[in-house]
Amino acid sequence: MEWGRAKAGAVRGRTMETHFIYMAVSSALFSVGMAGVFLCRHFFKKIIATKIVGAGVFLLLVSIAERDADTFADPVPHAMVITGIVVAVSAAAFALALARRIRIETSRASFEDEEAAE
Amino acid sequence: MSALWQADNLPVWLVVWPTFGAIVLFLLPARWRGMTGVSFALANGVLALVTVFFVMEVGVLRQEIGGWAPPLGIALALDGLSALFILMTAVVGGVVSVYAKIYFTQVVVDSARSSLFWPLWLFLWAGLHGLYLANDLFNLYVVIEVIGIAAVALAVLSGKTRAMIAGLRYLIAAVAGSLAYLMGVALLYGSTGVLDIDLMAERLEPGLTTRVAIALMLGGLLVKTAVFPLHFWLPPAHSSAEPPVSAILSALVLKGTFFVILRLWTELFGVSLTFMAGQMVGVLGACAVVWGSFQALRQERLKLVVAHSSVAQIGYLFLLFPLITVPATAVAGGFEWAPLAWSGAVYQVLAHGFAKAAFFLAIGVLVMATGNDHKASMLNMVGRLPMTTFAIGLAGVSLIGLPPSGGFLAKWMLLSAIISSGQWWWVPFVLVGSLMTAGYVFMILRLAFAPSQHEAELKSVPRGLQVCALLLAVGAILIAFPAEWVIDLLEGTSTFGEVVRAGAPVNSGEVGP
Amino acid sequence: MSLPAGLLDGLLALLLVILAVRALIAPTLYQCAVAFISFGLTLSLAWARLAAPDVALAEAAIGAGLLGVLLINSLRDFSRGGDDASAIFGKDLPTALFSRTVISCGTLAFAAVLGMAMFHMPEGGGLTALTEASLPHSGVEHPVTAVLLNYRSYDTWLEIGVLVVAMLAIFCAGGFEGFRRPEQGPDSDPVIESLARLLAPLMVMVAGYLLWLGKAYPGGAFQAGVVLAAAGIILQLAGWQIIENLSTWAWKWGLGIGFFFFLALAVSFMPLGLGFFEYPEAWAGPLILVVEVLATLSIGLTLTCFFVYFNGMGASESRRRTR
Amino acid sequence: MTWNEWIPLIIVCSSLVPGIIIFFLHEEAHRTRTILNLAGALLKLVLVGLVYLGFRTGEVYKFQFQIMVDLEFMLRVDALALLFAGLSSALWLVTTIYAIGYFEGSSNRRRFFGFFSVCVTASTGIALSGNLVTFFVFYEFLTLATYPLVVHSGTLKAVEAGRNYLFYTIGGGTVLFIGVVGLTVLAGPIDFSQGAQLSGLLENSAFELKLLFYVMLVGLAVKAAIFPLHGWLPIAMVAPAPVSALLHAVAVVKAGAFGIIRLVYDVYGINLAVELNVLWPLAILGAFTIIYGSVRAIFQDDLKKRLAFSTVSQLSYIALGAAVPGMISSTGAIVHLVHQGLMKITLFFCAGNIAETTGLHKVSELNGIGRRLPLTMGAFTVGALGMIGLPPIAGFVSKWYLSVGALDAGQPWIVAVLLGSSALNAIYFLPIIHAAWFKQPPAEGWRDLRPKRRFEAPWMLLFPPLVTALFSITSGLFAAMSWSPLSLARVIVERVYFLQ
């Protein structure tokens, strides 16, 4: 019938445990990202780290959708992820703008720079 | 047209009106924004009053959006607790709006920049309304992000480098916090297949997944509420923003995530909470009280004193959780303290909201007059800016919890609840916190009475600004009087006075599918 | 699970983790950005493997594409005076080896707990069945579009709002509202310019097609909006400066129209006794299409504005420096 | 709501409203301010008088406002309330007149009189509180209202004194707070009902009751300046004379002493207190403070400081009397509340006059001052002799009752303490009197300053001490009359002991 449904059905028939692999990746990405948010010093990396955390979360949601697939994968987590991606990108763009502005005005690239400067 | 105005649609208008305001303000040219913004804020106030009235008459209001019932659709729920928070937002927000209007016309930071305040502030306001009404975990995530981004944007409005750095720190903490929350939501959705809070509460089973999910959500929200030791972002962000923004951030934005924690704790997390979980959150709160107050005592700049004080005052709120989370076995003896603990915490929210907003607005006046916010600028203020000093004094009285004030009532109820629950170990924290608060409040007031050697000429400050600060400070005192009414309103909600009966520790041995 | 498919999934999983770590510990920012963009593209593959083509499109377009462009665009400011981003650990930790071990173990332990939680997750069942049952009443045929623009349209509306808020927030960060008209025309690359002439109309068409597709197939407003934004960005790079030359009134309405119209539509049937965001069933399809068109316009414009503003921030600084 | 319900509130507000209006007046509006102050003071006094008359005929005056469950704001007139309210309102009127004279021509008068009125409001509120919560509210309110008065002069010394004052009083208030909350949780809202609510808890919660008694006692002892919590009082001396007078006679220290009386008689009730055996620490500390304060007073050369230590000592008479069970010593304690107020305010007024007219602060400089300020020193002599306990001045009556009460209760050691204290009082007061009247004035200095006006000092400064001195004599001389403080104290004590 339609592309999405057909494909989802096929996926369901083919791989039963795909979602477990991606759940493991999800937990790894979330943890690595969180470590990065707290430990990376450069603004740039901190922002990338938040995106990696986000990727971890979204991966779990989509894995759940795949797990709960019937004739097609559960669309609610998909919608949540699309919304989430847009929100996360908006926040990241804002953070990047702030970081860039700080860099331009003070040539600092991390919070520690600030402490060292004071 | 009658369908448009019926009470059922009230939750909708609460979201639509400020959002509409925000978008209109965005489209308007900068010079018209101030007046329009104040009008929208005042209209919000009227809406809030109507809301409170309806909730008192009708009780809990529910509205399914898009005609789709949960779990497919999203529902809004309006109960006494949310009505009260909406009312507080309206009153504090209304006064702050008037202040902002005067402030931004007087202190021209940069008109192109400061006019951004209005659409962002209305978006933030809409987000707060959305938060108080949300009954869906993912919807909560979206509004939390609206609030988070708008709050950080407001915090960096001043354009100072210090504010930018603080704002970035705030933003990263906020994003990480809300993503942790979303991770928890994902786990819970996977476990139950629904997002609606009520439905999920019915389906949620205790287990490892639930526990981890709760820990993640709680952790994320605690970061955003700036609970010790996750408060690191708060003092710089709140102290470097413009005064009306500081007032909004400390009085309203922090309370938003606290509201979410309160709602989730009592309505959703109950299945999997243990006595120790409550105690741990309580310990964080108690540490926040002591640490925040201690830091406040050490600060040299007034805004930092007040910002650190927020950390401490927020800590008090978290003493609620150990009190309402008791072992299932202990509940048999009755738990009449639960409503007391509840209303104590709610009163602490109100009192801190009013007092802290008043404090920041008053310091804004001070900074305008003297040009800086070092402690020494308070010298001899009682003679030079009596109204503002008085506002600081009244706000301080409420923060310390001296009678007669909202803060006093909050401490009274919390302490009563603590003693009657038998968890006496929280008592010293409340008392030491009060004493330390008295320490930093009077450290400021003391200077106001002291003579100053070389007195610089004060710049003139519009009277309206001083009046706004004083109004909120008087509000912090006056809210003590309608206490009975407030508690009545809260009793209209299903959750009010709820004790979370912490079950026996869940054995972690059970296996997933 | 068949072996080749399992191998593919395992490979993707490994690649994702390696790229994520790489994006965080690469010695130069440029390598970070490249690793991150590769990470985003790999993630798109993962989405596709997980039967989420909509997410794959969104991720590739917004997550890797737009954010990648913004990151690369910011690089020239950050890499000024050396592109060293090697220091990941706080300097006051005792020794690198020790702290690396502690951090790795901590992260692993955290991931293990989280993974356990996921592994033990009960089957909630999800909302697939319910979505499918309600699909005939939603006015669209593609389930994700139905969720986004009908069942949970409130969230989607708020999300478009987040974009507007983010635009305002970026104005705050940049320090001015609006876009600076360039003092002199930028130097444009003739290759890019001719490419843009070719690509831009094509992309607008693709955007329109994606939008139309969204009714029944993966695609829809966000994806279309991003493609539109891509067209805008390419034109910008080619030196067209569309946004800067728009009147304030025009770009403001452009940014706001999607959100505003969505709101207007949400309340417009309330006088008839319908709820917030509730449309008469017969009209739902066309109305959703109109919302999508306007949302696509706004999203495309907003994302283009993100880029233009970013570009302007750096440009105004470089002008200041050359003076 | 009938008229009788509103009257207690009106009495409290009769000073609050002028106070608030004064804040909004212009600094230069001296005349309006004076009129407001005096009108408020007179109104309060008249109302208290009317209530007294009504109370004797059995009228009930009670104002209630429920703030929330277990938290009721209640003002109620009973005999003890009337005694203290009468004292505050009478002395407020006198002190207002004195203050108007004292601050003639100085700056920041708006602030002073505003807070001054608020302070008296708190004091009257303490008097009329009908339950423990209301008492606590006004008790803390008093702390806040007096702080601006203590630091009024704005000198660094005053600000330091203010910090010290707050350190003690806020600390005490916090301790009291926990006691009040604890007792409310234990027994529900506490009305002043002679322990009726608590006696039922004796069997099960004796330990809690004891603990809470001590906790509240510590909280109250700070304001009552009982050793070792008296440290703030001598330092707070830097406040202007009218403030010191008010602080030492009715406002702060009396709030503490009054609180102790309420605690012993009305919250716990004397029987319960005896049964719990909680009074002896109070007796011992009181006795020690009496001697300690007197000894410290001897070594002070600063007149106001000497008076301050004398206050420390004298206040503990009240605590001591309350700690000794028995009608007679209770009467002594309660009546001393009034008597000490009258005498001490006289002494402070006089000290203020001396400082204002001659600029002298030291005891050692007062030789022959009686010739320059005969009326003032006459009043001073009355006050001082009363403090020593010479008949027929008021102080004698209290000391007599306390001694007899102690013998009656079989605690003769207290008599020894009282006698010793009287001797010490004599040691630190008599030299002043002797120097003032019988020593030669110094050759240079104040002797040349002859009064420029009709009286030795402005009449607004002179009359108040004379009036209070007169009161001190009459309330001693006519102690047996039915309107005297002593008679009222007897009524109170009878209720405490017989109406349970």
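Chain letters run A, B, ... following the sequence lines, proteins first and then strands; every chain starts at 1.
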Whatever's closer than 4.5 Å to a heavy atom in chain B on C:Leu263 counts as side chain
Looking at B:Ile65, B:Val142, B:Ile149, which one has more heavy-atom pairs under 4.5 Å with chain C than the rest? B:Ile65
Could you tell me which portion of B:Leu168 (side chain, backbone, both or neither) has an atom closer than 4.5 angstrom to a non-hydrogen atom of chain C? neither
Are B:Asp136 and B:Pro70 close enough that some pair of their side-chain heavy atoms sits under 4.5 Å apart? no
Quick one: does B:Tyr181's side chain get under 4.5 Å of B:Glu145's, heavy atoms only? no
Main-chain N/O of C:Gly254 paired to C:Ser298 side chain as donor or acceptor, under 3.5 Å: yes
Given heavy-atom pairs under 4.5 angstrom as the criterion, report whether the side chain, backbone, both or neither of B:Thr192 touches chain C. backbone
Short question: side chain of C:Glu292, backbone of C:Ala221 - any donor-acceptor pair under 3.5 Å? yes
Contact between B:Arg33 and B:Phe104 at the side-chain level, heavy atoms closer than 4.5 Å - yes or no? no
At a 4.5 Å cut-off on heavy atoms, which part of B:Phe117 comes close to chain C: side chain, backbone, both, or neither? neither
Considering only heavy atoms, which portion of C:Phe276 lies under 4.5 Å from any heavy atom of chain B: side chain, backbone, both, or neither? both
Contact class of C:Trp249 relative to chain B, heavy atoms under 4.5 angstrom: neither
Shorter than 4.5 Å, heavy atoms on both sides: which option in B:Pro29, B:Ala186, B:Gly67, B:Gly66 has the most such pairs with chain C? B:Gly66
Looking only at heavy atoms and a cut-off of under 4.5 Å, which of C:Val162, C:Leu158, C:Asn150 has the most pairs with chain B? C:Asn150
Report yes or no: does B:Ser115 contribute a side-chain atom to a donor-acceptor pair with the main-chain N or O of B:Ala30 at less than 3.5 Å? no
Using only atom types and a distance under 3.5 Å, with no angle test, would you say the side chain of B:Thr209 pairs donor to acceptor with the backbone of C:Ala117? yes
Using non-hydrogen atoms only, which part of C:Thr131 is less than 4.5 Å away from chain B: side chain, backbone, both, or neither? both
With a 4.5 angstrom heavy-atom cut-off, could you sort out which part of B:Gln63 is near chain C: side chain, backbone, both or neither? side chain
Pick whichever of B:Val156, B:Val146, B:Val212, B:Leu27 has the most heavy-atom pairs under 4.5 Å with chain C. B:Leu27
C:Phe222 vs C:Thr156, side-chain contact (heavy atoms from CB on, under 4.5 Å): CA-CA, chis, key distance, verdict: CA-CA 10 Å; C:Phe222 285 106; C:Thr156 310; 4.1 Å; yes
Tell me if the centroids of the rings in B:Phe138 and B:Tyr141 come within less than 6.0 Å of each other. yes
From the list B:Val24, B:Val15, B:Val143, B:Leu216, the residue making the most non-hydrogen contacts under 4.5 Å with chain C is B:Val15
Top residue by heavy-atom pair count (under 4.5 Å) with chain C, among B:Ala213, B:Gly73, B:Ala215, B:Pro71? B:Pro71
Please flag which part of B:Leu124 lies under 4.5 Å from any non-hydrogen atom of chain C: side chain, backbone, both or neither. neither
Which atoms of C:Thr128 are under 4.5 Å from chain B, going by heavy atoms: the side chain, the backbone, both sets, or neither? neither
My understanding is that only one of C:Leu274, C:Ile288, C:Leu149 makes a side-chain contact (heavy atoms from CB on, under 4.5 Å) with C:Tyr279; could you say which? C:Ile288
Given that the side chain runs from C-beta out, which part of B:Ile23 has a heavy atom under 4.5 Å from chain C: side chain, backbone, both or neither? side chain
Given that the side chain runs from C-beta out, which part of B:Leu188 has a heavy atom under 4.5 Å from chain C: side chain, backbone, both or neither? neither
Any side-chain heavy atom of B:Leu157 sitting closer than 4.5 Å to one from B:Trp121? no
